[in-house]
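Keep in mind it's a predicted model, so treat the numbers as computed, not measured. For the numbers below, each heavy atom of this structure counts, side chains included, while hydrogens, waters and symmetry mates do not.
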Amino acid sequence: MISTLNLPVVLNAEGRDFALRRASENDLQPLMLLLADDPISAGRGDQAIVADTPAYRSALAAVLEDPSNEIIVVVDDGGRVLATMQLTRIPGMARRGATRLLVEAVRVRSDSRSLGVGTAMMRWVTGPAAAMVGADLIQLTSDEARTDAHRFYERLGFVGSHRGFKYKVG
């Protein structure tokens, strides 16, 4: 948990209020379903099947216990989880000791897209959240196949300035 993040907060998206809060163990099933709701994640094995629950539970616990990480959920007025993202605070030496805020695993339920939830989440990240964690730079990666997501991030002011690489171990 990133202790400097003052949560929960209310987000307004297109005239509707949503709560943005820390994820808890009670959010495990909705988080699994959000990952499975995404075709790219589903293609990588995120299927939200019962047999995978222990692996997801362990991963969620590890993130929640880490002082540099946070999993955020956005819920509607009925408490239904509509969206999620993971934030990681990374202190660094480059850029004269700049602190980065890494945004990963941004997911909005397919039936809740185009409601402004994603925009409200990312505006919170680039505004209040960045200030709360002392971030000088916000960065994220996005799969090459996510062309709609790329347009979304660019519309919010993100610049595709770097090329990312991954190395799968095992």
Side-chain angles (χ1 to χ4, degrees), residues 2 5-50 52-53 55-57 59-60 63-64 69-88 100-133 135 137-164 166:
I2 303 174
L5 287 175
N6 186 16
L7 294 169
V9 298
V10 175
L11 299 180
N12 186 278
E14 300 187 16
R16 292 181 58 196
D17 287 341
F18 301 94
L20 184 143
R21 63 168 172 78
R22 288 183 167 90
S24 73
E25 288 135 12
N26 295 332
D27 296 312
L28 180 63
Q29 185 66 24
L31 288 168
M32 290 171 58
L33 291 171
L34 274 169
L35 292 169
D37 188 35
D38 174 72
I40 292 173
S41 292
R44 294 178 186 148
D46 289 312
Q47 301 289 320
I49 59 175
V50 174
D52 290 340
T53 301
Y56 286 109
R57 182 174 288 116
L60 179 60
V63 173
L64 296 178
N69 279 282
E70 193 75 67
I71 294 185
I72 303 290
V73 293
V74 175
V75 298
D76 65 13
D77 56 5
R80 186 175 63 131
V81 174
L82 303 179
T84 188
M85 65 183 155
Q86 180 173 339
L87 303 177
T88 303
R100 297 165 192 260
L101 184 59
L102 176 65
V103 183
E104 283 290 319
V106 177
R107 301 289 188 277
V108 177
R109 282 173 51 135
S110 57
D111 64 357
S112 298
R113 293 183 192 136
S114 301
L115 297 178
V117 174
T119 298
M121 285 171 53
M122 294 308 295
R123 289 210 169 119
W124 175 80
V125 168
T126 58
M132 285 184 253
V133 302
L137 183 70
I138 296 164
Q139 63 187 39
L140 54 84
T141 60
S142 180
D143 190 285
E144 290 286 341
R146 296 184 189 279
T147 55
D148 289 341
H150 302 165
R151 284 191 296 275
F152 168 75
Y153 292 125
E154 288 167 351
R155 193 171 63 249
L156 294 174
F158 286 82
V159 177
S161 62
H162 289 66
R163 183 172 175 188
K166 295 183 181 182

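One N or O on the side chain of Asp76 and one on the backbone of Arg80 form a donor-acceptor pair closer than 3.5 Å. Although no hydrogens or angles enter the test, the distance criterion places a donor-acceptor pair under 3.5 Å between the side chain of His150 and the main chain of Asp143. In this structure a side-chain-to-backbone donor-acceptor pair under 3.5 Å is present from Arg22 to Leu5. With hydrogens and angles disregarded, no donor-acceptor distance shorter than 3.5 Å links the side chain of Ser112 to the backbone of Val108. The backbone N or O of Val63 sits nowhere less than 3.5 Å from a side-chain atom of Asn69 that would complete a donor-acceptor pair. Counting only distance, with no hydrogens or angles, the side chain of Gln86 and the backbone of Ala105 share no donor-acceptor pair below 3.5 Å.
Considering every non-hydrogen atom in both Ala120 and Asn12, the closest pair reads CB-O, 4.0 Å. In terms of heavy-atom proximity, Arg21 sits nearest to Pro8 at CB-CB, 3.8 Å. Taking each heavy atom of Thr147 and Glu144 in turn, the nearest pair found is CG2-O, 4.1 Å. Minimum interatomic distance between Ala130 and Ile138 (heavy atoms only, all atoms of both residues): CB-CD1, 3.8 Å. Shown here for Ala23 and Leu31, the closest heavy-atom pair between the two residues is CB-CD1, 4.3 Å.
In this structure, CG on Asp27 lies 11.0 Å from CD1 on Ile72, to the nearest 0.5 angstrom. Here Arg146 contributes atom CZ and Thr141 contributes atom OG1; the two are 9.5 Å apart, rounded to the nearest 0.5 Å.
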- request: Determine, stepwise, if the pair Thr88 / Glu104 fulfils side chain to side chain contact (heavy atoms under 4.5 Å, CB included).
  value: CA-CA 8 Å; Thr88 303; Glu104 283 290 319; 5.9 Å; no

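Residues Asp148 and Phe152 form no side-chain contact, since every pair of their non-hydrogen atoms from C-beta on lies 4.5 Å or further apart.
Of the listed residues (Val74, Thr119, Leu7), just one forms a side chain to side chain contact (heavy atoms under 4.5 Å, CB included) with Trp124, and that residue is Leu7. The only member of Leu102, Ile71, Val103, Val133 that meets side chain to side chain contact (heavy atoms under 4.5 Å, CB included) when paired with Leu87 is Val103.
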